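Everything on this sheet refers to the single structure shown next.
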Amino acid sequence: MEFIYLFIPLTPLLAAIIVGLFGNYLGRINTHRLTIVGVSISFILAVIVAFDTMGNAHTYNGSVYTWAIIEDIHFEVGFLIDQLSALMMVIVTFVSLMVHIYTIGYMQDDTGYQRFFSYISLFTFSMLMLVMSNNFLQLFFGWEAVGLVSYLLIGFWFNKETAIFANMKAFIINRVGDFGFILGIAGILAFCGSLDYVEVFSRINAFAGVSAAAVVPGVDWQIPTFIAILLFIGAMGKSAQIPLHVWLPDSMEGPTPISALIHAATMVTAGIFMVARMSPIFELSDAALNFVMMIGALTAFLMGLIGIVQNDIKRVVAYSTLSQLGYMTAALGASAYSASIFHLMTHAFFKALLFLAAGSVIMAMHHEQDIRKMGGLKKYLPITYWTALIGSLALIGFPGLSGFFSKDLIIEAIHTSELAAAPYAYPLVLLGVFVTAFYSFRMFFLVFHGKERFEKQAQHGHEYSSTTQESPWIITIPLILLAIPSLTVGYLIDPLVVGNFFQEAIYVNDTAHSFIANSANISQHNTIQNLSTEFHGVFNFILHGITQWPFILAIAGLGLAAYIYLHDDSLANWAYRKLHRLHTLLDRQYYADAFNQTVFAKGSIYLGNRFWALGERKLIDGLLVNGSARLVSWSAQLMRSLQTGYVYDYAFVMFGGLVIALTWFLFF
């Protein structure tokens with residue numbers, strides 16, 4: 001099995017290197033064949049590993065390559081293959097495979113065809129290295145690698161000024177989060193003396209209740225709290241949590257396939273995975289968990305509100321990603337790690353589906369992305385329509401679809417949590433359900449229903465006829481394949497989260513854990529365990545769900561969107577007039593970009609100019625460089641005036657010196 005573990009990340013890497021170096025010689029057909037074969041092999045091997053890990057209870061933790069040894073600290077490349085990493089490997093490789101296939105049709109006319117395939121294969125390799133790592137060194141490598149490749153892909157169309165701005169923005173914002181992340185890793189190394197997960201988790205308990213004041217004067221936090229919050233700051237950057245969320249909507253400047261890959265299976269899910277993997281550290285700090293929960297709940301609600309006023313089809317889906325990441329983060333704060341990872345899985349399928357469906361619409365509309373200029377596309381794009389409907393229903397948590405099980409479980413976990421932040425987070429995630437349903441079906445109805453608001457073109461001698469038609473099979477096949485798990489994967493809630501199907505389920509506090517929970521060492525809080533005792537099968541879960549507030553609010557949001565955008569839009573016009581300031585606030589994204597531009601960007605430029613004027617011009621150039629030159633010039637001028645060449649001047653100086661010497665000798 002060790003050979004298989006090694007091949008899972010290496011096959012996409014080899015394909016990326018070959019295509020990147022020799023893509024012009026391979027041609028387009030061989031390029032996509034090679035990269036698709038590479039990621040297909042990874043997917044097949046990941047499925048084999050998943051069955052072996054989940055069904056046969058085989059886990060692996062070992063080193064592959066030792067880079068350096070400094071005293072007792074080993075810097076290694078190694079793999080930790082357990083239930084959590086196995087699940088993530090399947091998600092990453094499957095979604096990446098769908099994106100690879102979809103890219104053949106979407107990027108067929110792009111001059112950077114080979115370069116794009118090389119990048120997305122490299123993206124897959126980077127994420128696999130991250131989720132398979134067994135130590136913080138490799139985790140940080142994968143963490144930075146996905147950041148680098150996302151920078152390259154967001155700015156893929158480098159001739160567009162907006163794309164260059166967006167990828168630079170993403171890169172800088174993530175550096176802010178990564179600064180906290182690397183400080184957290186440094187804290188782990190300083191206190192635990194190791195970078196290996198197993199050793200760190202076994203040693204970190206010794207620091208529970210120990211103050212970090214000795215390291216940071218004036219800070220009375222406990223060491224686990226100090227480390228956990230620093231690690232979470234890194235997750236806030238990668239998973240786009242408030243206030244480090246501003247880069248994700250702008251990532252839409254990249255091609256649609258990479259938007260799907262970033263938002264569904266790579267990059268943004270890295271932060272969620274990392275916190276779940278680091279659960280033994282977070283479980284030692286209620287303060288950190290409360291902080292995580294509130295950040296997630298605020299992101300879920302506030303980012304959903306912005307989605308209501310967006311008119312770019314990709315940006316609506318992007319803000320839904322921000323909101324759903326907030327749900328996952330809030331679940332992590334409630335110690336519902338398995339529920340968070342479960343929602344990560346369901347979200348990966350229906351969010352990739354929605355992005356690729358949006359790309360199909362954009363292609364059909366000749367690259368028009370404004371939903372106000374669409375409408376009535378159902379009859380032209382039947383496959384895209386039905387798959388987008390499945391994705392939208394899964395997103396709002398409609399009973400029976402995948403999103404229903406994972407989102408309801410998260411909301412219930414927050415509701416039953418005993419942490420101090422739970423009473424404040426619960427109303428936010430509950431209201432987020434209504435908001436999600438409203439903006440999702442606002443987009444859906446404006447795109448596929450109602451009157452046609454797009455221009456028709458003359459064709460084949462007819463006066464007017466639409467050139468809009470369904471996308472080719474290379475586009476629709478991935479949509480259908482993603483729609484299947486969007487419909488069905490939620491029914492795995494029993495073995496994956498609340499059940500005891502697998503024999504390797506461990507017992508903590510006399511409560512059985514599912515295989516996801518096995519990988520999250522829940523030692524202090526029993527959120528999912530408590531919910532598991534109330535689970536009585538999938539059918540009863542659905543019946544219970546349709547009587548609860550999440551379902552009622554979802555139907556209310558869907559119904560309001562249907563009334564306004566299918567029947568009478570006067571209510572929307574009235575709300576715009578009466579709530580114009582709120583609309584402006586949401587349209588400007590709470591002025592987050594303006595604040596960053598004014599305070600951080602312009603502030604940094606101002607400080608830089610001041611330091612340049614004071615430090616370089618006056619201190620270095622003025623005082624040290626030019627000042628030393630002026631000192632030499634002045635002293636030389638003085639010495640020159642003393643060298644007159646007249647004997648009586650020298651005699652006078654000698655006589656004066658003799659008088660001063662005698663005076664000093666006689667009186668002092």
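A quick note: this is a predicted structure, and the numbers were derived from the prediction, not measured.
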For a side-chain contact (heavy atoms from CB on, under 4.5 Å) with [X], tell me which candidate from [options] qualifies.
{"X": "H32", "options": "L26, I104, V19", "answer": "I104"}
{"X": "V309", "options": "H583, Q589, R442", "answer": "H583"}
{"X": "T124", "options": "T11, V92, L13", "answer": "V92"}

Is it the case that [X] and [Y] place a side-chain donor and acceptor less than 3.5 Å from each other?
{"X": "Y327", "Y": "H347", "answer": "no"}
{"X": "Y106", "Y": "T256", "answer": "yes"}
{"X": "E253", "Y": "T162", "answer": "yes"}
{"X": "S121", "Y": "H100", "answer": "yes"}
{"X": "D82", "Y": "S85", "answer": "yes"}
{"X": "T53", "Y": "Q83", "answer": "no"}

Is it the case that the ring center of [Y] lies less than 6.0 angstrom away from the ring center of [X]?
{"X": "Y5", "Y": "F79", "value": "no"}
{"X": "Y119", "Y": "F116", "value": "no"}
{"X": "Y385", "Y": "Y380", "value": "no"}

**OP:** For Y591, look at atom OH and say whether over 12 heavy atoms of other residues, nucleotides or ligands are found less than 6.0 Å away.
**Re:** yes

Original post:
Would one find more than 12 heavy atoms of other residues, nucleotides or ligands at under 6.0 Å from atom NZ of K373?
Top reply: no

**OP:** Evaluate side-chain contact (heavy atoms from CB on, under 4.5 Å) for L248 paired with L325, printing each intermediate quantity in order.
**Re:** CA-CA 11 Å; L248 191 58; L325 288 168; 4.2 Å; yes

Any donor-acceptor N/O pair, [X] side chain to [Y] backbone, under 3.5 Å:
{"X": "S239", "Y": "G271", "result": "yes"}
{"X": "T35", "Y": "A15", "result": "no"}
{"X": "T384", "Y": "L381", "result": "no"}

**OP:** Could you check M107 against F156 for side-chain contact (heavy atoms from CB on, under 4.5 Å), going step by step and ending with a plain yes or no?
**Re:** CA-CA 12 Å; M107 301 290 289; F156 180 78; 3.6 Å; yes

**OP:** Return the set of residues passing side-chain hydrogen bond (donor to acceptor under 3.5 Å, both in side chains) with W386 (not counting sequence neighbours), or none when no residue passes.
**Re:**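 Scan of W386 (side-chain hydrogen bond (donor to acceptor under 3.5 Å, both in side chains), adjacent residues dropped) gives none.
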
Original post:
Are D593 and R588 within salt-bridge range, i.e. N to O under 4.0 Å?
Top reply: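 No.
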
Subject >> Salt bridge flag under 4.0 Å for residues E452 and K378 >> reply: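 Answer for the salt bridge query: no.
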
Within this structure, what is the [atom1]-[atom2] distance for the pair [X] and [Y], rounded to the nearest 0.5 Å?
{"X": "I362", "Y": "M374", "atom1": "CD1", "atom2": "CE", "value": "6.5 Å"}
{"X": "F273", "Y": "L344", "atom1": "CZ", "atom2": "CG", "value": "10.0 Å"}
{"X": "L586", "Y": "L305", "atom1": "CG", "atom2": "CG", "value": "6.0 Å"}
{"X": "S126", "Y": "W143", "atom1": "OG", "atom2": "CH2", "value": "13.5 Å"}

**OP:** Compute both the distance and the angle, then confirm whether K314 meets the cation-pi test with F355: under 6.0 Å from the six-membered ring centre, within 45 degrees of the axis.
**Re:**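 Negative - K314 is either too far from the ring of F355 or too far off its axis.
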
Original post:
Taking the six-membered ring of Y319 as reference, does the NZ or CZ atom of R315 fall below 6.0 Å from its centre and within a 45° cone about the axis?
Top reply: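 Geometry flag: not set, cation outside 6.0 Å or 45°.
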
Hey, does [Y] have a side-chain heavy atom less than 4.5 Å from the side chain of [X]?
{"X": "R453", "Y": "L446", "answer": "yes"}
{"X": "T387", "Y": "L353", "answer": "yes"}
{"X": "L558", "Y": "S440", "answer": "no"}
{"X": "M252", "Y": "V317", "answer": "no"}
{"X": "M89", "Y": "F94", "answer": "no"}

Work out which heavy atom in [X] is nearest to a heavy atom in [Y]; give both atom names and the distance.
{"X": "S402", "Y": "A394", "value": "OG-CB, 4.0 Å"}
{"X": "A46", "Y": "T93", "value": "CB-OG1, 3.9 Å"}
{"X": "L6", "Y": "L10", "value": "O-CG, 3.2 Å"}
{"X": "T103", "Y": "P257", "value": "OG1-CB, 3.5 Å"}

**OP:** Determine, stepwise, if the pair K407 / Q324 fulfils side-chain contact (heavy atoms from CB on, under 4.5 Å).
**Re:** CA-CA 9 Å; K407 184 182 286 187; Q324 298 308 303; 3.5 Å; yes

Original post:
Where does the angle between the aromatic ring planes of Y565 and F438 fall among parallel (under 30°), tilted (30 to 60°) and perpendicular (over 60°)?
Top reply: tilted

Subject >> side-chain contact (heavy atoms from CB on, under 4.5 Å) assessment of K238 paired with F181 >> reply: CA-CA 10 Å; K238 275 290 182 288; F181 186 59; over 6 Å; no

Original post:
Which salt bridge (charged side-chain N to carboxylate O under 4.0 Å, His left out) pairs, counting each pair once, include a residue from residues 345-370, with sequence neighbours left out?
Top reply: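 Every salt bridge (charged side-chain N to carboxylate O under 4.0 Å, His left out) pair that includes a residue of residues 345-370, provided the two are not neighbours, is D370-R372.
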
